[in-house]
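Below, chains carry the letters A, B, ... as their sequence lines are ordered, and counting in each starts from 1.
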Amino acid sequence: MKPTTKNDRPVNLDLSTIKLPLAAITSISHRISGVIMFAGIGILLWMLELSLSSEAGFNRLHELLTSPLVTFVVWGVLSALAYHLIAGVKHLLMDAGIGETKEGAPRGATIVIIASLITILALGVWLWV
Amino acid sequence: MGMKNMQVSSVTNFGRSGLSDWLIQRVSAVILLLYIVCHSAIILSTPEMSYAQWRELFAGTTMRIFSLLTLLALCAHAWIGMWTVATDYLTRRMMGSKATLVRLVFLVGCIAVLAIYFIWCVIILWSV
Amino acid sequence: MLVSVYRYNPETDLKPSMRDYQIEIPGGKDLMVLDVLAMVKEQDDSVAYRRSCREGVCGSDGMNINGVNGLACITPLSDVVKNDKLVLRPLPGLPVVRDLVVDMSIFYKQYERIEPYLQNDDPVPAIERLQSPEDRAKLDGLYECILCACCSTNCPSFWWNPEKFVGPAGLLQAYRFLADSRDTHTDERLANLEDPFSVFRCRGIMNCVAVCPKGLNPTKAIGHIREMLMERGA
Amino acid sequence: MANIRTMTFDGVIVGGGGSGLRAALELSQSGYKTAVISKVFPTRSHTVSAQGGITCAIASTEPDDDWRWHMYDTVKGSDYIGDQDAIEYMCSEGPQAVFELEHMGLPFSRNEDGRIYQRPFGGQSREYGKGGQAARTCAAADRTGHALLHTLYQANLKNNTVFFNEWYAVDLVKNQHGHVVGLIAICIEDGEVVFIKSKATVLATGGAGRIYASTTNALINTGDGIGMAMRAGVPQQDMEMWQFHPTGIYGAGTLITEGSRGEGGYLVNKDGERFMERYAPNAKDLAGRDVVARSMVLEILEGRGVGPDADHVLLKLDHLGEKVLNDKLPGILELSRTFAHVDPVKEPIPVVPTCHYMMGGIPTNIHGQALGQNPDGTDYVIEGLYACGEAACVSVHGANRLGGNSLLDLVVFGRASGIYIEKMLSSGIEQQEASDSDLELGLSRLDKLNQSSSGEKVADLRKELQVIMQNHFGVFRKGDFMREGIQKLQAMRERIENPHLQDKSNAFNTARVEALELQNLFEVAEATAIAAEGREESRGAHARDDFTERDDDNWLCHSMFFPDTKTLGKRKVNFAPKTVPTFEPMIRTY
C-alpha cells in the first residue's frame, strides 16, 4: 500500500526558503570565520616564523607584503580574525546577559556587522597604505 | 518514558563535560583577545618597527609565557570549535552511516594540524 | 491572492512539491493565515494541517509562513504577505507526515527528557505548598510555553542534533522546573544537562526568541541554566 | 475479529483534556493499564483555552470561606435544576482536588502569604447570598486552563499513562447485553482502524460549541463523545442548556474571561452607561452569565448597541491600570490586541455574547457512570460506560454554569470516575466480549464514507448547520421559530449521513475526520433543537419569548432526549444532598 515508510519521510529544510534573522547570519558567519582561522593560523605562524628567523626574513616579509596577492590573502585572514573576534565579544557580552532579548538580538547583530566592516576596512587601509 | 534518564555523551569529547568545554572556550577566548589586543597596540604604536625591536618583543620571558599560554588557549579554542562543527555537520543524520568514519578522520586531522601548529610555534618561540 | 502550499502525501507522492491555489480574499477584515488555509481546504479537502483553538494558546498550527515560523491562527496576512503571495511550508527540520503536518515525536521526546513535572520529596502538606509571589514570578515567561515547536524548528542546533540537543522549547521547560521554589530535584536535573549537547549545543543564535509566538525567551532561560550549572560546578 | 487489530486495556479514556487526563492519572497511578485516546496531542485540547480560573472554597483569599456557600451559589446559578448531591460532592471534594493540582506543580498565582490567589467571579456570594461578593476563583493569571492542562499532562507522563495521540474514536462497541466493551478508533497518522477493548470506557470528549456559527470553542469541539453515545442509544440530558458567554470578542468569537470583570472591569453601552446596574443592582457585572448575556442582547435589541450596526457592547478595563492588567490579565491583553485590534490598557474591548459551554450531555451519577432511563422513570447504569467533564451532565451546572465551575467539574469528576473505575477493577470485573456484529456500527460508518462517490462537501454542510443553530436556537428562543429550525435540521440528516469524501487516503486524512465530526455535530444539534423546543419555560440559559417565566410546576426537572425515538422525556432533579439541608428553589435575582 504505502510506497514510503516513516524512515524516508521528507524534511523541509531548504534553507533558501527560510528567512534567517540577522542574528542568525552573524552567528553562522562567526562559525565560518572560525573555520577560516583554523587554516589562517598556519599563514600567521608562517609569517611569524619568517619575521623572527633573521633580519633577512623580516625584510623578506615586508617585501612580500607589497605583492597584492599576498596582501590580499593576509587581509582575508586578518578580516576573518577581526570578525571572529568582534562577534566573539558579542558572545561574551551575551553570556553576561547583555542583549539577550528579542530586540537586543538584531541590534547586537547590527553592531557586530558595522564594527567588523569598519575594522576590516581599516585593516585594508593599514595593509595597503 | 524510555528516554527519561538518557545521558548524552561522546567519546571524542576531551573535556569533562559541556560545562568545562564551554568554560574553556570562554577563558581561552579572553586570553586570545588580550594577546591580539596587546600585539595590535604594540604594532600600531611602533609604525617603523625594526627587526631588532620585533625580536626583542618576543625574547622576553613574560612575553614568552604569554605567547605559550595563548598558544595553549588557541589549541583548546580551535579544538572545541572544530569538534562542535564536526558534530553538527558530519553526522549520521546529514550523511548517513559513513558519518562516524568521516567525522573520526576529520577530527584526527584536526588534532594533527593542531599538534603541528603547537610544535611549530614552540620551535619558533624558542628559537628567538 | 496566490497561496502556495507544500504538499506531500506518502501514499501517492515520491517527493514533496508546492501546489498553488488562487484564493479570493474578502475585503474589510485582516484575515489570519489559518482562515486562508481553511479557504484552501474548502477548495481542496486533501490539504492536511493541524489546528485546534484558533486563538494562539494550543500550539497546533505552527508552520513556516513566508519563510518565518509562526502560528497560522494569530498571524494576520498584513504581517506576512507582500506581493500578494503566501507560501506555507511545514515546520523546518522535522520529518513530514503529510503536507503541513510534521512528525513531532523527537520534539516531544526532548520535552520528556527534561522530566517536565514537579518533583518534591518533602511530605505532602494538607493544603497547598506555599510559594511567595516573588518566587512565583520567577515562573513567568516560562510556564506559558504552548509546545508549538516554532522555536526548536527554527534553531539550527536543533536541526543538526535533534536527538542530542534538548532544543529551546525543552530547555525553557527545564528551567521552568529548576526555577520553581517547590521543586527539590535541582541537582539531579542539572546533572542530566551537563553533557556537551543537551544545553551547550545552544550557540546563542536566538532564532528561538525571534519567532516565539508567545514572546518567550528560551535563550535567556538557557543562560540561567548555564549559571546554575556553573554554581553547581564551583 | 472482523479483520482489525484488537488492543486491550483495563481502562480507556477518550479525550485528552482536563477531565480525561485527570481520570487517566487516577487509574495509571494505581497501576492499571490505562490508555488515553485523543484526536489531538493532549495539550491542544480545549481545556487549554480556559482563562479565569477554577472556583473552589480553599479559603485562601477569604479565610472564612465555606464550601457550602459555594454549593449554594452553584445551586442558585443552575436555576435549581443542578443535582444537589453532585454539587455537594463537587464543592466539598473540590479543595482536595485543587490542592492535588498544586502539588503536581500547577503554577497558581499567589497571595502575599504564599497561598493560592483567588479572584471574584460572577454569581459568587458569601453566607448563602447574604454576605456580598466572594472571591473564590483560584487562578494562574488568566491562563489557568493552560496551566492546568499542561500540569495534568505532565503528571500523566510521570505516571506512564499510555497515550494514543492523534487517534480518533469513531464509535462505541456495545454488545447484545448492552455493555459497552470498548470502541472503534482510527489512527489518524496512518489510517489504521482498531478495536480498543476495555473494561471501562470513559467519554471525556468535551463540548460541542461548534454547532453554532459563533462560538468561543476550539475547532475540535465537535461533540464526538455525545455523538458516539447517542448512536449507541444513550439518552442525553438538558441538551437545550447552552451557555452564551457574555464576553466573546466581537467578530472573532475568542473569549475574554469573566475574571476581567472579577478584577473590576465592566460593560458599557453606546451611551457609555454601565447598564448592568439596571439589570442586576447588587451583583452588577458579576451576575450569572445567563443574566449578563441576556441583558447585553436586550441592550442591543433596544438600540443601545455599539458600532455601525449597533450589534455589540464594550468591556471597559482601562481604569484598572496597566500594572493590574499585566499581572492579572496578560492573556487578555494579547487576545484583544490580536483579535480586536484594541489595546485594553487604553480602549474598551468590543464584546458580544458567544456560545461557550454545553451544560447538558451524557447523564451520569457522581461516579461518572453513564445512566439510561427505565420506562418507569428510574435510572439504570450503562455497564462499562463512563463520562466526565463537559461531555457529561452530572449535573452540577443545571441550566446555567457559574464561571470557574467547569475546571472544578472536570478535575473533581475526572478524579471521581478514576477512583470508581479503580474500585471496580480491583473488585475484579471481567472483560465483556463483543461479537463481530457489535463492531458494525463504527465500521459501517467508515465504510460508507470510504465508498462515497457523490454527496455534498463537508465544509458546506457544516456551515449550513451552524447557521441554522445560530439563527433558530440562540440566546432568545421562540416555539414556531424553533420548529422551523427543527424541520430544517431534519431535512439535513440524510445529506449529513452521506457527504462526499473526495480524499480517501490513509495518511493523516483530516477530511475524513472532519466528515465524522460533522455527523457528531449534527447529533448534538438535533438533540439541542428538540430539547429546546420541548422545554416550555424560561430557565437559566434557556430563554423563550413565548414562555418567559420559569415553570417549577412542570419543568423543575432535567430534560432527557432519547436518540432512538428522537423524543423528549423528563428526569428528576436530585434534591437530597447528604450532609447539608436541601436548597429549596427560590426566585433567582442578582
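In this structure, chain B has no heavy atom under 4.5 Å from any part of A:Asn59. At a 4.5 Å heavy-atom cutoff, B:Ile116 makes no contact with chain A through either its backbone or its side chain. Residue contact with chain A, scored on non-hydrogen atoms closer than 4.5 Å, involves the side chain of B:Ile36 exclusively. If you measure heavy-atom distances from A:Ser53 to chain B, the contacts under 4.5 Å come from the backbone alone. Using a 4.5 Å cut-off between heavy atoms, A:Leu61 does not touch chain B at all.
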Begin with the C-alpha distance, continue with both residues' side-chain angles, and end with the deciding distance and a verdict on side-chain contact (heavy atoms from CB on, under 4.5 Å) for A:Phe58 and B:Ser50.
CA-CA 9 Å; A:Phe58 188 79; B:Ser50 66; 5.6 Å; no
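For the options A:Gly57, A:Ala39, A:Gly34, A:Ser51, heavy-atom pairs under 4.5 Å to chain B are most numerous at A:Ser51.
For the ring pair (Phe, Tyr, Trp, His ring centres under 6.0 Å) test, no residue two or more places apart in sequence or in another chain qualifies with A:Trp126.
For B:Tyr51 (side chain) and A:Leu52 (main-chain N/O), a donor-acceptor pair under 3.5 Å exists by modelled atom type. Proximity of a side-chain donor or acceptor of B:Tyr117 to a complementary backbone N or O of A:Gly42 within less than 3.5 Å is detected.
Near-neighbour residues of residues 70-77 of chain B relative to chain A, defined by a heavy atom under 4.5 Å from a heavy atom of that chain, comprise B:Leu74, B:His77. Annotation: residues 97-114 of chain A contacts chain B through no residue [non-hydrogen atoms, separation under 4.5 Å]. Along residues 12-27 of chain A, no residue comes nearer than 4.5 angstrom to chain B, judged on non-hydrogen atoms.
Looking only at side-chain heavy atoms (C-beta outward), A:Leu48 and B:Trp54 come within less than 4.5 Å of each other. Side-chain atoms of A:Arg31 and B:Thr84, non-hydrogen and from C-beta on, do get closer than 4.5 Å to each other.
More than 12 non-hydrogen atoms from other residues, nucleotides or ligands lie less than 6.0 angstrom from CD of A:Glu55.
Rounding to the nearest 0.5 angstrom, the gap separating the CZ atom in B:Arg26 from the CG atom in A:Leu92 is 6.5 Å. B:Leu32 CG to A:Met37 CE: the interatomic distance, rounded to the nearest 0.5 Å, is 9.5 Å.
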